[in-house]
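This report concerns only the one structure given below.
Numbering of ligands and ligand atoms starts at 1, following listing order. These numbers come from a predicted model, not from an experiment. All heavy atoms count here, side chains included; hydrogens, waters and symmetry mates do not.
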Amino acid sequence: MHPMLNIAVRAARAAGSVIARSFENVDKVEVEAKGTNDFVTNIDLKAEEIIIETLRKSYPDHSIVSEECGDLPGKDSDYQWIIDPIDGTTNFVKGIPHFAVSIALKVKGKLDQAVIYDPIRGDLFTASRGKGAQMNNVRIRVKAHKELAGTIIATGFPYKFKHHTDAYLGMFTNIFKKSADIRRAGSAALDLAYVASGRVDGFFEIGLKPWDTAAGELLVIEAGGLVTDFVGGHNHSQSGNIVAGSPRLLKELLTEMRPHLTPSLKK
Ligand code: IPD
Ligand code: CA
Ligand code: CA
């Protein structure tokens with residue numbers, strides 16, 4: 001394993017064990033609203049601290065961007081860690097056992113290492129640039145569907161952007177009619193890890209943040225899939241409008257989404 005991936009796995013497991021322990025007594029978790037329908041808990045903050053401490057111990061000069069504490073520039077801006085301490089906080093606070101730690105490393109602006117760790121199931125998804133993707137150290141591949149018929153597509157609802165409801169439901173309707181079924185499980189990081197491992201066949205969501213998608217994007221790519229914005233371009237890390245799947249299936253998804261794209265979703 002690449003040494004930097006090894007450290008990221010150590011950080012994800014350390015944070016994961018605190019998250020899993022707190023989940024046993026989730027009523028004691030302190031929840032705070034940080035925006036409309038957007039929550040942070042003392043455990044998000046604790047997990048974030050553990051991850052940053054672990055990374056900083058080995059790589060004190062690297063830069064970090066993390067959901068709850070924002071930008072932490074380092075002396076070395078060529079190396080940037082992108083962290084989501086708990087992806088799926090709403091599930092976590094509701095006692096729904098589906099959330100993950102997500103850690104990615106960009107080197108000179110390119111995704112290089114990725115870890116997504118589900119501390120409840122113990123599923124560890126890892127990827128290194130050019131070296132493939134694994135779940136629990138076993139190679140994973142995106143399912144090579146050519147059409148939507150028979151596929152399961154993961155998605156997230158635009159609950160922080162309700163002005164996109166009509167456009168989103170238009171895309172949803174088209175995709176739902178052609179696919180077998182749709183899942184909204186509540187963790188974009190796991191949605192992408194599940195695309196990479198073939199548990200689901202594709203994924204789309206509006207307005208995600210870099211920490212939601214960075215690790216998942218590398219996993220999907222290293223598992224033989226594609227990740228784009230809603231017009232098949234590469235602006236998704238800016239816009240957060242993201243589609244993932246096998247190259248053929250992604251084309252089908254874009255075709256179904258196209259009639260419902262408003263100008264702001266074409267980015
Ligand atoms: C959220 C989850 C969710 C997605 C949201 C994300 P958080 O992340 O990934 O599935 O629909 O848009 O913000 O807030 O739990 O880290
Ligand atoms: Ca997130
Ligand atoms: Ca989070």
Side-chain angles (χ1 to χ4, degrees), residues 11-12 15-16 18-20 22-23 26 29-52 64-70 81-104 114-120 125 153-165 167-169 171-172 182-196 199-200 202-220 227 229-230 236-244 265:
V18 167
I19 296 165
S22 323
F23 189 67
V26 81
V29 169
E30 296 158 27
V31 188
E32 225 181 273
K34 59 175 178 176
T36 316
N37 306 323
D38 202 4
F39 302 98
V40 60
T41 73
N42 58 323
I43 308 306
D44 293 71
L45 301 176
K46 180 79 199 150
E48 183 172 68
E49 193 183 309
I50 292 169
I51 296 164
I52 293 172
I64 291 175
V65 44
S66 187
E67 178 173 11
E68 312 303 344
C69 69
W81 294 93
I82 305 165
I83 302 165
D84 192 339
I86 303 180
D87 185 65
T89 295
T90 302
N91 281 348
F92 177 73
V93 299
K94 289 285 180 189
I96 300 171
H98 187 81
F99 41 79
V101 177
S102 175
I103 305 175
V115 184
I116 293 176
Y117 178 55
D118 170 345
I120 300 299
F125 300 89
I153 305 301
T155 188
F157 300 137
Y159 64 98
K160 289 179 216 157
F161 315 102
K162 299 230 166 152
H163 57 286
H164 287 311
T165 304
Y168 174 79
L169 289 178
M171 301 176 207
F172 182 100
I182 296 191
R183 295 284 179 274
R184 195 299 185 242
S187 162
L190 285 177
D191 291 335
L192 287 162
Y194 283 18
V195 172
R199 287 180 173 173
V200 299
F203 170 65
F204 71 104
E205 185 162 345
I206 292 174
L208 288 170
K209 295 289 186 193
W211 43 81
D212 300 316
T213 61
E217 176 172 353
L218 186 64
L219 275 159
V220 170
V227 177
D229 58 25
F230 288 178
H236 50 283
S237 34
Q238 273 76 50
S239 66
N241 302 327
I242 184 167
V243 195
L265 292 176

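Between Phe161 and His163, the ring planes lie perpendicular to each other; the angle is over 60°, past the 30° to 60° tilted range. Aromatic ring orientation, Phe172 versus Phe157: tilted (interplanar angle from 30° to 60°). The aromatic rings of His98 and Tyr194 lie perpendicular to each other, with more than 60° between the two planes, well past the 30° mark.
At a cut-off of 3.0 Å, Glu68 is not counted among the residues with an N, O or S atom near the Ca ion (ligand 3). Residue contact annotation: Asp212 places no N/O/S atom under 3.0 Å from the Ca ion (ligand 3). At a threshold of 3.0 Å, the Ca ion (ligand 3) has no backbone or side-chain N, O or S atom of Gly88 nearer than that distance. Put simply, Asp87 gets within reach of the Ca ion (ligand 2), with an N, O or S atom under 3.0 Å from it.
The closest donor-acceptor contact from the side chain of Glu48 to the backbone of Cys69 lies under 3.5 Å. Judged by distance alone, with hydrogens and angles left aside, the side-chain atoms of Asp87 form a donor-acceptor pair with the main-chain N or O of Ala188 at under 3.5 Å.
With respect to the Ca ion (ligand 3), Glu67 has OE1 as its nearest N, O or S atom. The N, O or S atom of Asp84 with the smallest distance to the Ca ion (ligand 3) is OD1.
A distance limit of 4.0 angstrom between heavy atoms and ligand 1 selects the residues Glu67, Asp84, Ile86, Asp87, Gly88, Thr89, Tyr159, Lys160, Arg184, Gly186, Ser187, Ala188, Glu205, Leu208, Asp212.
Atom-to-atom distance recorded for Ile51:CD1 and Trp81:CH2 is 11.0 Å, nearest 0.5 angstrom. Atom CD1 of residue Ile116 and atom CD1 of residue Ile103 lie 10.0 Å apart, to the nearest 0.5 angstrom.
Residue Thr89 is tested with Val40, Val29, Asp84, Asp44 for a side-chain contact (heavy atoms from CB on, under 4.5 Å); the sole match is Asp44.
Between the side chains of Thr155 and Tyr168, at least one donor N or O sits under 3.5 Å from an acceptor N or O.
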